[in-house]
Amino acid sequence: MIKLATWNVNSVKARLGHLTRWLEAAKPDIVCLQELKCQADDFPALEVKALGYFAEVAGQKSYNGVAILSREKATEVVRALPGDKSDEQARYIEATIGGLRVASVYLPNGNPAPGEKFDYKLAWMNRLTSRAASLLESERVFALAGDFNVCPTDEDVFDPAAMAVDALCRPESRARFHALLNLGLTDALRALHPAGHLYTYWDYQQRRWQNGEGLRIDHIMLSPQAADRLAACAVDKRPRGEDKTSDHTPVVCELAF
DNA sequence: ATGGTAGCCTTGCTA
């Protein structure tokens with residue numbers, strides 16, 4: 001069984017204690033991290049190595065930054081999303097661990113919409129869809145896991161009316177998320193929990209966590225052959241309840257390999 | 001009432 005997780009940690013340096021505690025408790029095999037907010041050289045590689053994890057990092061000063069932690073060493077590492085060589089934001093890393101191709105993705109937020117940032121988000125999503133299509137063509141078994149900054153449906157939003165014009169919920173964003181589903185990818189959490197509110201993010205402001213007012217924006221998207229192996233998937237809410245924690249919490253799935 | 005929180009290491013930007 002492979003335990004695969006994704007977590008937007010909102011600064012890996014500020015959250016090193018949260019991360020190491022969670023790794024020790026949850027014991028995942030592969031972890032996709034987002035919003036490291038540091039350069040690759042500043043990633044706490046020794047600390048995660050001490051817990052038995054290799055780390056592959058695409059870093060950036062202050063903003064963005066993604067990584068893949070794995071018990072088995074990753075190979076064939078790609079540190080950028082294909083399709084725009086002028087894109088310097090560290091939002092994508094892809095690698096092979098065992099027989100599984102894994103990508104840690106940090107999609108642009110896209111607010112305010114409309115505007116340049118929204119245009120960048122939509123273009124980035126088009127590139128992600130192209131990449132997923134290429135991986136499918138190559139018949140790779142793969143997972144795209146990360147902060148997609150998209151609430152796929154109103155069920156994934158505590159206040160759909162208030163969020164309707166937000167870049168996370170706008171129809172252009174949702175259409176591109178659904179394009180991934182139309183390619184044949186499976187939203188792992190919804191595959192096993194089709195109905196009901198499930199959240200992975202609660203804003204720091206306005207007591208959203210305490211009030212249970214969140215969004216589901218962190219997803220694990222599986223290729224058909226990976227989805228055939230899907231045995232379990234859940235949101236691990238415990239880390240969100242800790243002091244000085246990330247505004248996101250991990251999503252974890254188990255694949256029967 | 002255009003706030004409120006958090007992390008960056010700028011004195012504002014991003015989320």
Side-chain angles (χ1 to χ4, degrees), chain A residues 6-22 32-44 47 57-67 81 84 86-93 104-125 128 145-152 156-170 172-174 176-177 199-219 235 237-251:
Chain A
T6 179
W7 191 10
N8 177 326
V9 290
N10 186 19
S11 170
V12 73
K13 284 185 278 186
R15 237 61 77 183
L16 184 55
H18 300 80
L19 176 61
T20 55
R21 281 194 297 279
W22 183 74
C32 295
L33 299 175
Q34 301 86 37
E35 275 208 90
L36 306 177
K37 294 188 172 181
C38 69
Q39 299 180 87
D41 287 347
D42 296 326
F43 185 87
E47 287 85 345
V57 180
Q60 181 182 335
K61 187 179 178 183
S62 301
Y63 302 113
N64 309 315
V66 288
L81 179 63
D84 182 358
S86 70
D87 186 355
E88 295 183 342
Q89 298 191 28
R91 295 181 176 275
Y92 190 88
I93 186 168
S104 179
V105 312
Y106 178 44
L107 236 125
N109 175 293
N111 280 303
E116 281 180 16
K117 290 184 177 178
F118 192 53
D119 293 341
Y120 173 64
K121 175 179 195 157
L122 298 182
W124 204 97
M125 293 191 82
L128 183 63
D147 177 359
F148 283 68
N149 267 315
V150 177
C151 306
D156 305 310
V157 189
F158 75 96
D159 187 349
M163 289 291 292
V165 297
D166 192 283
L168 279 59
C169 295
R170 288 182 62 116
E172 300 93 329
S173 308
R174 285 180 169 171
R176 283 162 178 81
F177 184 85
Y199 303 138
T200 65
Y201 162 90
W202 298 258
D203 200 298
Y204 288 123
Q205 302 178 65
Q206 298 172 278
R207 298 179 59 81
R208 295 299 191 204
W209 167 250
Q210 291 83 348
N211 296 334
E213 298 171 337
L215 304 172
R216 188 173 75 95
I217 55 179
D218 301 274
H219 309 300
V235 179
K237 290 173 72 173
R238 286 173 301 174
R240 187 63 183 83
E242 295 185 4
D243 287 339
K244 304 292 283 179
T245 193
S246 171
D247 41 5
H248 297 248
T249 210
V251 180

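What's counted below: heavy atoms across the whole structure, side chains too, no hydrogens, waters or symmetry copies. Within every chain, numbering begins at 1; the chains are lettered A, B, ... in the order of the sequence lines, protein sequences first and strands thereafter. Since the structure is predicted, the reported quantities are computational estimates derived from the model, not experimental observations.
- When the P atom is compared between B/dT2 and B/dT11, the two are found 25 Å apart, to the nearest whole Å.
- Within a 6.0 Å radius of CD in A/E88, other residues, nucleotides and ligands contribute 12 heavy atoms or fewer.
- Listed by chain and residue number, nothing satisfies the ring-ring contact (aromatic ring centres under 6.0 Å, His included) test with A/Y92 (two or more places apart in sequence, or in another chain).
- Atom C1' of B/dG4 sits at a distance of 16 Å from the matching atom of B/dT14, rounded to the whole Å.
- Shown here are the salt bridge (charged side-chain N to carboxylate O under 4.0 Å, His left out) partners of A/E47, two or more places apart in sequence or in another chain: there are none.
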Quiz item: For every nucleotide of nucleotides 5-15 of chain B, 5' to 3': is a protein heavy atom under 4.0 Å from its base (B), only from its sugar-phosphate (S), or from neither (-)?
Solution: BSSSS---BSS
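- Between the C1' atoms of B/dA1 and B/dT10, the separation comes to 27 Å (whole Å).
- Taking every heavy atom of residues 207-219 of chain A and every atom of DNA chain B, no pair lies under 4.0 Å.
- Residue pairs meeting the salt bridge (Lys or Arg N to Asp or Glu O under 4.0 Å) criterion with at least one partner in residues 204-215 of chain A, sequence neighbours excluded, are A/R208-A/E213.
- Checked against side chain to side chain contact (heavy atoms under 4.5 Å, CB included), A/K121 has the following partners two or more places apart in sequence or in another chain: A/L107, A/P108, A/F118, A/M125, A/N149, A/V150, A/A167, A/L168, A/S173.
- With sequence neighbours left out, A/R15 forms a salt bridge (charged side-chain N to carboxylate O under 4.0 Å, His left out) with no residue at all.
- Comparing the C1' positions of B/dC13 and B/dC9 gives a spacing of 12 Å, expressed to the nearest Å.
- A search for salt bridge (charged side-chain N to carboxylate O under 4.0 Å, His left out) contacts involving A/D218 returns nothing, not counting sequence neighbours.
- Residues meeting the salt bridge (charged side-chain N to carboxylate O under 4.0 Å, His left out) test with A/R240, sequence neighbours left out: none.
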